[in-house]
2 protein chains.
Amino acid sequence: MNVDLEDFQSNRRQGNPASNKSDEIGPRLHQLRKGRGWTLQVASKASGISASAFSKIERGELSPTISTIQRIARGFEMDVLSLLADPETQPTLLGRRSVTRAEEGKPHLSGNCDNKLLCADLKNKRITPIKTRVVARDVEEYDVWPKTDAEIFMTILSGTVVVHSKIYEPLELHEGDSMYYDASAEHVWTRKGPEEAVVLWVLTS
Amino acid sequence: MNVDLEDFQSNRRQGNPASNKSDEIGPRLHQLRKGRGWTLQVASKASGISASAFSKIERGELSPTISTIQRIARGFEMDVLSLLADPETQPTLLGRRSVTRAEEGKPHLSGNCDNKLLCADLKNKRITPIKTRVVARDVEEYDVWPKTDAEIFMTILSGTVVVHSKIYEPLELHEGDSMYYDASAEHVWTRKGPEEAVVLWVLTS
DNA sequence: ATAAAAAATATACTATAGGAAAATTTTTAT
DNA sequence: ATAAAAATTTTCCTATAGTATATTTTTTAT
């Protein structure tokens with residue numbers, strides 16, 4: 001396949017790791033340990049990581065390996081994911097809301113589609129809403145056929161879209177049509193006809 | 001300090017520990033990279049991690065540090081948590097799908113709205129899609145203000161809708177506008193203007 | 001089939017994670 | 001206040017994560 005290396009230039013950020021607050025494991029560990037009233041010795045004994053290493057990790061002087069994190073998680077009797085997920089940065093949605101106006105939306109180029117994430121400012125949503133202008137006219141234009149464990153609901157806002165799947169025959173959808181499917185089988189969309197094809201779809205996250 | 005080494009015997013292993021399946025980052029990375037049709041060179045360029053290190057990580061010959069994982073996550077344009085979360089562990093309803101054509105939909109009268117459940121033939125969906133023609137012009141027309149613990153995403157297909165909530169000022173939405181909110185606070189919709197107000201919305205179930 | 005190209009892995013090295021113990025800081029008791 | 005004890009950080013060291021390059025393996029073309 002042809003993947004242009006230059007496409008990823010923008011991602012090659014070397015310098016400052018842990019730019020995202022939720023990525024900072026140090027304060028998170030400190031908070032967890034203190035929350036249980038543990039000293040470094042206790043945390044060390046529980047996890048099998050030396051107190052000095054633990055201290056360095058908490059203060060961000062050391063970036064632990066994943067196996068170290070796994071041992072620490074065991075020490076806290078947690079799984080790695082909940083250890084890394086900082087509840088502070090996982091705001092509950094309680095009573096919160098977000099509006100995206102007609103021509104707004106956070107651009108999100110992917111595959112052969114022009115996507116706009118709707119209400120992207122709200123984090124930790126159970127549903128991800130996206131508006132997509134389908135560009136591809138032929139399945140050949142896709143290098144990879146996406147596949148996730150999400151469920152997808154889509155509705156055609158304009159134009160004609162053909163849904164291709166590894167396990168179904170191609171299916172044509174016209175303006176106003178809706179479709180619900182689970183995306184565990186590879187699938188792609190193409191457009192058909194003269195009109196611009198716009199899909200509004202949501203997926204479970 | 002006194003740490004009994006015996007306590008850690010079970011942890012002290014280099015070869016291939018990873019007791020928990022979801023802890024095995026190697027196969028997960030391999031799957032992600034291959035899923036995008038990326039070579040090690042491309043993944044290296046995207047993440048800033050050398051191809052050789054990437055290869056070793058995939059094969060479990062090396063336990064990456066959290067900062068390395070963060071860089072890899074950036075390369076894949078994912079957050080660390082979804083990178084580590086193994087989708088294999090989650091159940092799927094393999095390959096099911098349902099289509100509702102433009103003028104179809106299971107009627108479902110409720111409150112002061114004319115609802116059509118979309119793709120109603122598919123049971124146990126994680127998302128419930130509904131198309132609603134809003135009838136009420138005034139909040140007085142509602143006896144009860146619904147309230148659930150679901151999250152709602154709505155988009156206006158036509159007309160003007162006003163969203164009323166117990167905790168917000170009324171908000172006007174026009175054709176093409178979208179809104180995401182959690183429905184734990186009481187809320188109702190009314191319509192405004194001459195045009196028919198149609199809302200396409202989905203809620204988590 | 002073989003040659004050339006591309007991709008993956010092995011090697012040799014440097015940078016850094018992690019451990020044991022010493023030094024420092026903080027807490028507790030008097 | 002000072003001394004003792006406890007907790008944390010520093011130091012110095014070894015083990016290993018990560019890099020650059022060489023080698024091997026796999027794919028593509030002829």
Side-chain angles (χ1 to χ4, degrees), chain A residues 1-6 8 12-18 23-27 29-75 80 143-144, chain B residues 1-18 23-27 29-75 80:
Chain A
M1 72 278 107
N2 295 313
V3 179
D4 185 357
L5 290 182
E6 301 309 311
F8 307 110
R12 287 194 317 148
R13 203 96 62 231
Q14 314 281 359
N16 190 7
D23 288 351
E24 281 181 19
I25 195 176
L29 281 184
H30 186 77
Q31 158 202 338
L32 271 168
R33 180 173 66 83
K34 284 296 184 184
R36 299 183 185 209
W38 286 6
T39 66
L40 286 170
Q41 328 299 323
V42 174
S44 168
K45 184 102 189 194
S47 61
I49 301 300
S50 71
S52 60
F54 215 109
S55 170
K56 289 173 195 164
I57 293 168
E58 283 188 358
R59 285 172 294 127
E61 290 194 0
L62 193 137
S63 175
T65 64
I66 187 66
S67 70
T68 294
I69 293 173
Q70 284 161 355
R71 291 164 75 185
I72 292 174
R74 280 196 53 177
V80 174
D143 297 326
V144 289
Chain B
M1 55 153 294
N2 294 315
V3 178
D4 185 356
L5 287 181
E6 300 307 310
D7 290 353
F8 313 115
Q9 295 288 20
S10 54
N11 290 326
R12 286 196 319 150
R13 186 54 219 99
Q14 350 288 347
N16 219 342
D23 286 352
E24 282 183 18
I25 195 176
L29 280 185
H30 186 78
Q31 157 202 340
L32 272 168
R33 180 173 65 84
K34 284 298 184 181
R36 301 185 184 209
W38 286 8
T39 66
L40 286 170
Q41 328 298 323
V42 175
S44 167
K45 192 109 189 203
S47 61
I49 302 300
S50 70
S52 59
F54 214 108
S55 170
K56 289 173 195 164
I57 293 168
E58 283 188 357
R59 286 173 293 129
E61 292 194 358
L62 193 138
S63 176
T65 63
I66 186 66
S67 71
T68 295
I69 293 173
Q70 284 162 352
R71 290 163 76 185
I72 292 174
R74 287 200 58 159
V80 174

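Hydrogens, waters and symmetry mates play no part in the numbers below; they use all other heavy atoms, side chains included. Every chain is numbered from 1 and lettered A, B, ... according to where its sequence line falls, protein lines coming before strand lines.
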Enquirer: Quick one: is C:dA7 close enough that its OP1 or OP2 comes under 4.0 Å of any side-chain N or O from B:Arg33?
Expert: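 B:Arg33 to C:dA7 OP1/OP2: no side-chain N or O under 4.0 Å.
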
Enquirer: About how many Å separate CZ of A:Arg71 and OG1 of A:Thr65, when rounded to the nearest 0.5 Å?
Expert: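 Nearest 0.5 Å value for the OG1-CZ distance: 8.0 Å.
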
Enquirer: Please check the phosphate of C:dA8 (OP1 and OP2 only) for any side-chain N or O of B:Lys34 closer than 4.0 Å.
Expert: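 For C:dA8, OP1/OP2 do have a side-chain N/O of B:Lys34 under 4.0 Å.
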
Enquirer: Taking any heavy-atom pair under 4.0 Å as a contact, classify B:Ala53: base, sugar-phosphate, or nothing.
Expert: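 Here B:Ala53 touches the bases of the nucleic acid.
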
Enquirer: Whole angstroms only, please: what is the CZ-P distance between B:Arg59 and C:dA10?
Expert: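 Spelled out: CZ on B:Arg59 to P on C:dA10 is 5 Å.
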
Enquirer: Whole Å only: how far is the CG atom of B:Leu40 from the P atom of C:dA7?
Expert: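 So the CG-P distance, B:Leu40 to C:dA7, works out to 10 Å.
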
Enquirer: Answer yes or no: side-chain N or O of A:Thr39 and base N or O of D:dA6 forming a donor-acceptor pair under 3.5 Å.
Expert: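 Such a pair does not exist between side chain and base.
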
Enquirer: For DNA chain C, whose closest nucleotide is more 5', that of B:Thr65 or that of B:His30?
Expert: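 Of the two residues, B:His30 wins.
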
Enquirer: Between the main-chain N or O of A:Leu29 and the side-chain N or O of A:Arg33, is there a donor-acceptor pair closer than 3.5 Å?
Expert: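 A pair under 3.5 Å: no.
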
Enquirer: Per the atom types in the model, does the base of D:dT19 pair as donor or acceptor with the side chain of B:Lys56 at under 3.5 Å?
Expert: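 Such a pair is found, so the answer is yes.
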
Enquirer: Kindly calculate the angle separating the two end axes of the helix from C:dA1-D:dT30 to C:dT30-D:dA1, each obtained from five base pairs, and round it to 10 degrees.
Expert: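 Roughly 40°, once rounded to the nearest ten degrees.
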
Enquirer: If we only count heavy atoms from C-beta on, is the B:Leu32 to B:Trp38 side-chain gap below 4.5 Å?
Expert: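 Of all side-chain heavy-atom pairs linking B:Trp38 with B:Leu32, none is under 4.5 Å.
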
Enquirer: Are OP1 or OP2 of C:dA10 and a side-chain N or O of B:Ser55 less than 4.0 angstrom apart?
Expert: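 So the side chain of B:Ser55 is outside the cut-off, no N or O lying under 4.0 Å from OP1 or OP2 of C:dA10.
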
Enquirer: Please report, rounded to the nearest Å, how far the P atom of D:dT21 is from the CD atom of B:Gln41.
Expert: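 Going from CD in B:Gln41 over to P in D:dT21 covers 13 Å.
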
Enquirer: What nucleic acid atoms does B:Ser50 come within less than 4.0 Å of, heavy atoms only: base, sugar-phosphate, or nothing?
Expert: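 If one applies the 4.0 Å heavy-atom cut-off, B:Ser50 turns out to touch a base.
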
Enquirer: Verify the contact: side-chain N or O of A:Ser52 to OP1 or OP2 of D:dT10, cut-off strictly under 4.0 Å; return yes or no.
Expert: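 No.
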
Enquirer: For B:Ile49 and C:dA15, what is the distance between atoms CD1 and P respectively, to the nearest whole Å?
Expert: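 Going from B:Ile49 (CD1) to C:dA15 (P), I get 16 Å.
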
Enquirer: Would you find a donor on one side and an acceptor on the other, under 3.5 Å apart, between the side chain of B:Ser47 and the backbone of B:Ala43?
Expert: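 A pair under 3.5 Å: yes.
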
Enquirer: Run the side chain to side chain contact (heavy atoms under 4.5 Å, CB included) check on A:Ile57 and B:Ile66 step by step: do they pass?
Expert: CA-CA 11 Å; A:Ile57 293 168; B:Ile66 186 66; over 6 Å; no

Enquirer: How close or far is atom P of D:dA17 from atom CD1 of B:Ile25, stated in whole angstroms?
Expert: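 Distance check: B:Ile25 CD1 to D:dA17 P gives 13 Å.
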
Enquirer: D:dT8 P sits how many Å from A:Leu29 CG, rounded?
Expert: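 It is 14 Å, rounded to the nearest whole Å.
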
Enquirer: Send over the distance from B:Ile66 CD1 to C:dT16 P, rounded to a whole Å.
Expert: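 It works out to 17 Å between those atoms.
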
Enquirer: Check whether A:Ser67 reaches the backbone of B:Ser63 with its side chain - one donor and one acceptor, N or O, closer than 3.5 Å.
Expert: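 Flag not set: sc A:Ser67 to bb B:Ser63 has no pair under 3.5 Å.
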
Enquirer: Using the test side chain to side chain contact (heavy atoms under 4.5 Å, CB included), find all partners of A:Ser52 that sit at least two apart in sequence or belong to another chain.
Expert: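 Scan of A:Ser52 (side chain to side chain contact (heavy atoms under 4.5 Å, CB included), adjacent residues dropped) gives A:Ser50.
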
Enquirer: Once you round it to whole Å, what is the distance between P of C:dT16 and CD of A:Glu61?
Expert: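 Answer to the nearest Å: 14 Å.
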
